[in-house]
Amino acid sequence: MAISFDLSGKVALVTGANTGIGQGIALALAGAGADLVLVGHLPPEETISAAGKLGRKTWFIEADLLTIEPVEGIVQQALDAAGRIDILVNNAGIIRRADSTEFSERDWDEVMNINVKTVFFMCQRVGRHMIERGSGKIINIASMLSFQGGIRVPSYTASKSGVAGITRLLANEWAGKGININAIAPGYVATDNTAQLRADPERSQAILDRIPAGRWASPEDMGGAAVFLASPASDYVQGHVLAVDGGWLAR
Ligand code: NAP
């Protein structure tokens, strides 16, 4: 039996795809055949243009995911435009760094809101649509801090540990309804999210020294795992948090 990674005719909704991991994943899904509904602050011109060159259709929906207020509208607009959502990638996320003794309520709430609350309610709303159709693939973006404690990023660690938890919870509820829900836990990826770490030569070197692969990841490194988790090849994979980390967790 041939194993299929083909996403032709599928529609993938990806949040935060103007840059970084979201862009890398969106273009990998487009490369495998999926059309894209891209959700974020501003039209992701580069992603739209690259997907167009691959012959894919794209739609942009403007939304600020710091609250769940836009969730219903996003899904309605996506369904009106594209007719269906086969794949949901909850990628948009933020990080705030400060000593735990000084960490502010605002940095707690904003990170928790976008990284885990919005993620859950996007899963809920899109999940209802997928359950009605009896199929769908959801990929949440977790982190090394879904497994480890981290330093000076308390709300980020809480949110990404939460993402791993709700991914497992929803798999328990929805695996029997034709939905696959899993997460990708990227290792250290060279994006805006890690610019501060990479700007600190000592911290940057310490991180690099611990990565068996000997390099930071690029956003494109997340593409293969995303295509796998979005495709029929992963139909029996449920509630898994897949580390794509160059071996970081193996140390
Ligand atoms: P990034 O380049 O900063 O991308 C973050 C994306 O989220 C951007 O598209 C951003 O849009 C969007 N976003 C942020 N706040 C938003 C809001 N309020 N409403 C709508 N969109 C918003 O960082 P990244 O590293 O690619 O991060 C993507 C995901 O991977 C995040 O969930 C992050 O936690 C996770 N992750 C990253 C790493 C890493 O090493 N880089 C490791 C593990 C997990 P704008 O540019 O318009 O703000």
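What you are looking at is a predicted structure, and each value in this text was computed from that prediction instead of being measured. Counting convention: from 1, in listed order, for ligands and their atoms alike. Positions are given from 1, in the same order as the sequence printed here. Atom set for the values below is all heavy atoms of this structure, side chains included, hydrogens, waters and symmetry mates excluded.
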**Q.** Closest to atom 5 (C) of ligand 1 among Gly93, Gly40, Gly20 (heavy-atom distance)
**A.** Gly93
Nearest protein heavy-atom contact for [atom]: which residue, which atom, what distance?
atom: atom 41 (N) of ligand 1; result: Thr191 OG1, 2.9 Å
atom: atom 35 (C) of ligand 1; result: Ile141 CG2, 3.6 Å
atom: atom 47 (O) of ligand 1; result: His41 ND1, 2.9 Å
atom: atom 23 (O) of ligand 1; result: Asn193 CB, 3.4 Å
atom: atom 9 (O) of ligand 1; result: Asn18 OD1, 2.4 Å
atom: atom 40 (O) of ligand 1; result: Val189 N, 2.8 Å
atom: atom 3 (O) of ligand 1; result: Asp192 CB, 3.6 Å
atom: atom 43 (C) of ligand 1; result: Pro186 O, 3.5 Å

Is ligand 1 under 4.0 Å from a heavy atom in the side chain of [X], in the backbone, in both, or in neither?
X: Ile94; answer: side chain
X: Thr15; answer: neither
X: Ala142; answer: backbone
X: Thr194; answer: side chain

Quick one: does [X] get an N or O within less than 3.5 Å of an N or O on ligand 1?
X: Met144; answer: no
X: Lys160; answer: yes
X: Gly22; answer: no
X: Gly16; answer: yes
X: Asp64; answer: yes

Atom [atom1] of residue position [X] - does it have more than 12 heavy atoms of other residues, nucleotides or ligands inside 6.0 Å?
X: Gln148; atom1: CD; answer: yes
X: Arg251; atom1: CZ; answer: yes
X: Glu46; atom1: CD; answer: no

Will you find, in the side chains of [X] and [Y], an N or O donor that is under 3.5 Å from an N or O acceptor?
X: Asp6; Y: Ser8; value: yes
X: Gln205; Y: Asp209; value: yes
X: Asn140; Y: Thr167; value: yes

**Q.** Mutual orientation of the aromatic rings belonging to Trp108 and Phe103 [parallel < 30°, tilted 30-60°, perpendicular > 60°]
**A.** perpendicular
At a 4.0 Å threshold, what atoms of ligand 1 neighbour a non-hydrogen atom of [X]?
X: Asn91; answer: 28 (C), 29 (C), 30 (O), 31 (C), 32 (O)
X: Leu66; answer: 18 (N)
X: Thr19; answer: 2 (O), 4 (O), 8 (C), 9 (O)
X: Ile21; answer: 25 (O), 26 (O), 30 (O), 36 (N), 37 (C), 38 (C)
X: Ala63; answer: 19 (N), 20 (C)
X: Tyr188; answer: 40 (O)

Please tell me if the side chains of [X] and [Y] come closer than 4.5 Å, counting only heavy atoms from C-beta onward.
X: Glu102; Y: Arg152; answer: no
X: Val37; Y: Gln77; answer: no
X: Asn182; Y: Leu242; answer: no
X: Val153; Y: Lys160; answer: no
X: Asn90; Y: Phe120; answer: no
X: Glu72; Y: Arg125; answer: yes

Q) Does Pro219 come within less than 4.0 angstrom of ligand 1, counting non-hydrogen atoms of the residue? A) no
Q | ligand 1 contacted by Trp216 (non-hydrogen, < 4.0 Å) | A |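 The answer is no: ligand 1 sits nowhere under 4.0 Å from a heavy atom of Trp216.
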Q: Apply the test salt bridge (charged side-chain N to carboxylate O under 4.0 Å, His left out) to residues Asp192 and Arg198: give CA-CA distance (whole Å), side-chain angles for both, the deciding distance (0.1 Å), then the verdict.
A: CA-CA 10 Å; Asp192 293 349; Arg198 283 177 294 116; 5.8 Å; no
Q: Using the side-chain contact (heavy atoms from CB on, under 4.5 Å) rule, take Asp235 and Asn180 through it: C-alpha gap first, then chi angles, then the decisive distance, then the call.
A: CA-CA 7 Å; Asp235 278 352; Asn180 292 86; 4.0 Å; yes
